[in-house]
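Inspection log for the structure reproduced underneath, given as structure tokens.
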Amino acid sequence: MDAIGNSIPSMISIEEALSRILGYVEVLPAEQQPLVDALGQVLAEDVSSSFDIPPLDNTAMDGYAVRAEDTAGATAEAPVQLRVIGELAAGYTFDRTVEPGAAVRIMTGAPVPAGADAIVPFEETDEPFQAAPSGVRRLAAEVNVLKAAQPGANIRRAGEDLRARQVVVQKGTVLRPSEIGVIASVGTAAVKVIRRPAVAVLSTGDELLEPGQPRSGARIYDSNAHSVSALVRRYGGVPLMLGIAKDTVKELTAKIHEGLAADLLITSAGVSRGDYDIVKDVLTREGEIDFWTVAMKPGKPLAFGCFQKDGRRIPHIGLPGNPVSAMVAFEIFGRPAMLKMMGKGDWRRPILRAIAEERIVNRNDPRLFLARCIVSKRGGKHYASLTGAQGSGILTSMMRANALTLIPAEIDVVEPGEEIEVIMLDWSRGEEWGSYLAEEH
Ligand code: AMP
Ligand code: MG
């Protein structure tokens with residue numbers, strides 16, 4: 001199959017378009033990253049620990065390190081008195097042995113001194129619970145234990161979390177905050193991860209203005225470059241904002257060449273049938289490109305191709321110009337391409353079944369309808385309602401949405417109460433999902 005160079009006369013499905021795009025996209029090389037900067041990146045090598053975690057048996061509580069047998073039979077009425085021979089904070093070791101009848105005052109995380117085999121928490125001694133200012137409090141000579149301790153009580157064992165030489169995070173893992181914490185805990189400060197894609201974002205059109213500039217007449221502000229760059233950043237890439245190219249050969253050519261420094265080039269507008277041919281001309285002249293009609297609403301006109309530069313192949317996705325179409329087409333095609341570059345195989349989104357709360361009409365349209373909707377959960381069921389008018393220029397319909405419907409072309413009308421499928425774009429919608437967290441599911 002060759003996606004490039006063949007013009008496709010008829011509409012192609014989303015799956016077809018996506019598999020052609022992904023066929024041209026390769027996983028990027030690895031780079032070294034400081035830990036926190038690697039959030040969301042895929043680990044390119046196994047990380048293991050060179051030592052046990054925790055490294056030594058240590059106390060899980062503030063209290064007294066004792067020999068459990070010394071505390072046998074201790075009760076509040078008949079306490080056992082022990083000699084306090086010292087004090088130990090986390091990060092230090094105790095250089096003496098706890099002999100029979102002795103105890104060491106000890107803080108959470110401090111290693112258990114030799115001879116001791118249990119920790120009696122302060123609550124089970126007569127030591128009043130108080131935070132004395134340092135330097136003022138003096139260590140009492142004795143402590144009364146009010147409850148018998150079992151051997152091993154309140155001791156965290158060396159290696160109970162991780163063993164030396166054990167692989168702690170595997171190659172291929174997407175790094176979340178917990179993996180980053182675990183990698184830090186084994187003493188590793190930087191990791192080899194698959195590089196983030198640099199994604200060049202270019203808007204085309206004589207009507208466009210940069211936000212911040214004064215507006216006049218028929219000019220409109222460029223929203224696509226901003227919404228798409230924000231999506232690039234959300235999905236872990238680095239946007240390279242190229243700004244606006246006027247519909248002239250010179251400007252378009254120059255901006256496209258600037259974009260070839262990136263790993264992926266995204267343009268918007270100029271790919272629909274009604275456009276001046278200039279964008280298509282330049283794209284065709286500078287690279288290999290196909291113009292597709294994809295069976296989706298919104299987002300029908302789409303361009304896909306590749307440019308060559310310095311022996312590299314840079315894929316290019318040409319999004320439709322309408323602001324909703326541009327965002328939806330990026331979600332459907334740009335996001336999977338980026339995630340594949342980042343080494344993430346699992347780019348598919350969860351699909352939910354939701355009950356339509358209103359009538360949704362998709363009559364006379366042979367395309368999958370990705371309507372913007374709000375999905376909420378009540379009484380254990382998901383419900384979907386549209387975010388108002390669905391014109392592909394109405395960007396606020398996207399702003400209010402947390403999901404897209406997946407209404408197949410064959411379905412002309414969905415009646416209220418019927419079930420539909422939805423793709424979640426965003427799970428965090430405050431209170432609506434508050435109850436979701438509390439419910440069993
Ligand atoms: P086109 O694909 O060039 O026919 O553009 C379709 C519609 O999208 C037109 O109404 C354009 O003005 C609008 N449009 C194109 N690019 C942008 C952009 N970057 N930001 C906002 N609207 C745009
Ligand atoms: Mg245009």
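Computed from a predicted model, the values in this text were never measured in an experiment. Both ligands and their constituent atoms are indexed starting at 1 by order of listing.
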Is any NZ, NE, NH1 or NH2 atom of the basic residue among [X] and [Y] found under 4.0 Å from an Asp or Glu carboxylate oxygen of the other?
X    : Y    : result
R20  : E16  : yes
E357 : R378 : yes
D346 : K344 : no

Using a strict 4.0 Å cut-off to heavy atoms of Y221, name the atoms of ligand 1 that fall inside it.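 Listed by number with element: 20 (N), 21 (C).
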At less than 4.0 angstrom from any non-hydrogen atom of I220, what atoms of ligand 1 do you find?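 Listed by number with element: 12 (O), 22 (N).
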Taking distance alone, with no angle check, do G270 and ligand 1 share an N/O pair under 3.5 Å?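 Yes.
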Should V271 be counted as touching ligand 1, given the test is an N or O pair under 3.5 Å?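 No - when backbone and side-chain N and O of V271 are compared with those of ligand 1, no distance drops under 3.5 Å.
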Would you say the side chains of R372 and T387 form a donor-acceptor pair under 3.5 Å?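 No.
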Considering only non-hydrogen protein atoms, determine which one is nearest to atom 21 (C) of ligand 1 and report residue, atom name and distance to 0.1 Å.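 For this ligand atom, the closest protein heavy atom is S223 OG, 3.4 Å.
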Atom 19 (N) of ligand 1 [closest protein heavy-atom partner, distance rounded to 0.1 Å]: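 Atom 19 (N) of ligand 1 sits closest to the protein heavy atom D222 OD1, 2.8 Å.
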Considering S268, G321, S203, which one's heavy-atom position lies nearest to atom 2 (O) of ligand 1?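 That would be G321.
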If we only consider heavy atoms of S272, is any one of them less than 4.0 Å away from an atom in ligand 1?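 Right, S272 reaches ligand 1.
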